[in-house]
Amino acid sequence: MAPRPLKAVLTVAAAAAFSLTAVPAQAAPTDPDPAAWAQLTTTYTATGKYGYAPLAVADGFKPTPCVPGMGYHYVNPANVGQTDPAKPAALLYVDGPHGRKLVAVEWVVQAKDGVARPTMFGEDFQGPDTLPDPLGPSYTLHAWIYKTNPSGLFNPTNPDVTCGPAAPTSTPPQPEWLADIDWTDLVT
């Protein structure tokens, strides 16, 4: 093959490969508009650090019991009522072999008189559903951005999430000499 046609074939093959990698990882019949993935970048950026659940607790998220199909909700009351992609009201976790694993986020807006059903990412919030006190009737929107949901990115429940007995955590033993190190100086 001559150099010029070979270069054209390689260029087309590379372009095809790159276009395939741009397809969202979660393909389901109920997938949202592709623009939602770009908007969810803000959510990823704001919540990525909460992959380590103790950081969520330190930032005001309070753990609640496990809900089948959803997991453990860590709720930040200060974020209830927000429709800011960077401020979900709840982080959803499941138990894993090394502790809790972040799987989804949720926004909650109370359904008070005169409150219209909110919309984010081109999706209407679900509900209103009656949530535990003090929330009461509320609209919710889930985004399964850390675990693929076969039912769809914004579906409220995930059939792969269960509330089984807590998995044992396996933490390697820590040598005594590590106990005296102030790790906060190294992180900040």
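Note that the structure is a prediction, hence the values are computed from the model and not measured. FYI, the numbering just counts along the sequence from 1.
Taking each heavy atom of M70 and V161 in turn, the nearest pair found is C-CG1, 3.6 Å. Contact record, G60 with P77: O-CD, 3.9 Å, taken as the closest heavy-atom pair. Minimum interatomic distance between F61 and L91 (heavy atoms only, all atoms of both residues): CE2-CG, 3.7 Å. What you find for Q110 and V80 is that their closest heavy atoms are CG-CG1, 4.3 Å. Contact between L102 and Y93 at its shortest, heavy atoms only, is N-CD2, 3.4 Å. Between L55 and Y50, the shortest heavy-atom distance links the atoms O-CE2, 3.6 Å.
One hydrophobic cluster holds both V94 and V67 under the rule that ILVMFWY side chains link at heavy-atom gaps under 4.5 Å. Both I145 and Y52 are part of a single hydrophobic cluster, where members link through side-chain heavy atoms under 4.5 Å apart. Under a hydrophobic-cluster definition in which Ile, Leu, Val, Met, Phe, Trp and Tyr are linked whenever side-chain heavy atoms come within less than 4.5 Å, directly or via other members, V108 and F125 are assigned to different clusters.
At least one side-chain heavy atom of V115 sits under 4.5 Å from a side-chain heavy atom of V109. H142 places a side-chain heavy atom less than 4.5 Å from the side chain of L92. Taking 4.5 Å as the limit, every side-chain heavy atom of S138 sits out of range of all side-chain heavy atoms of P128. P150 is listed as a side-chain neighbour of N158, based on a closest heavy-atom distance under 4.5 Å. With contacts defined as side-chain heavy-atom distances shorter than 4.5 Å, the pair L153/L40 qualifies. In this structure, the side chains of K62 and V57 stay at 4.5 Å or more apart for every pair of heavy atoms.
Side chain of T130 to main chain of G136: no donor-acceptor pair is present (N/O by atom type, distance under 3.5 Å, no hydrogens or angles). When atom types are taken as modelled, the side chain of T42 and the backbone of A86 share no donor-acceptor pair closer than 3.5 angstrom. Remark: the backbone N or O of P88 is paired with a side-chain donor or acceptor of N79 at under 3.5 angstrom. Under a 3.5 Å cut-off, the side chain of N149 and the backbone N or O of T157 do form a donor-acceptor pair. Q82 places no side-chain N or O within donor-acceptor distance of the main-chain N or O of K87, the cut-off being under 3.5 Å. R117 places a side-chain N or O within donor-acceptor distance of the main-chain N or O of G127, the cut-off being under 3.5 Å. Without hydrogens or angle criteria, Q126 side chain to F154 main chain gives a donor-acceptor distance under 3.5 Å.
Using a cut-off of 4.0 Å between Lys/Arg side-chain N and Asp/Glu carboxylate O, K147 and D160 are scored as not salt-bridged. A salt bridge is defined here as a Lys NZ or Arg NE, NH1 or NH2 lying under 4.0 Å from an Asp or Glu carboxylate O, and D59 with K49 meets this definition.
In this structure, OG1 in T43 is found 6.0 Å from CE in M120, a value given to the nearest 0.5 Å.
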>> Run the side-chain contact (heavy atoms from CB on, under 4.5 Å) test on T140 and L131 for me, step by step, so that the C-alpha distance in whole Å, both residues' side-chain angles and the decisive distance to 0.1 Å come before the verdict.
In response: CA-CA 10 Å; T140 62; L131 301 180; 4.0 Å; yes
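Under the 6.0 Å cut-off for aromatic ring centres, F121 and W107 qualify, their centroids lying closer than that. You'll find the ring centres of Y146 and Y44 inside the 6.0 Å limit.
At a cut-off of 3.5 Å, with distance as the only test, no side-chain donor of D124 or Y139 sits close to an acceptor on the other residue.
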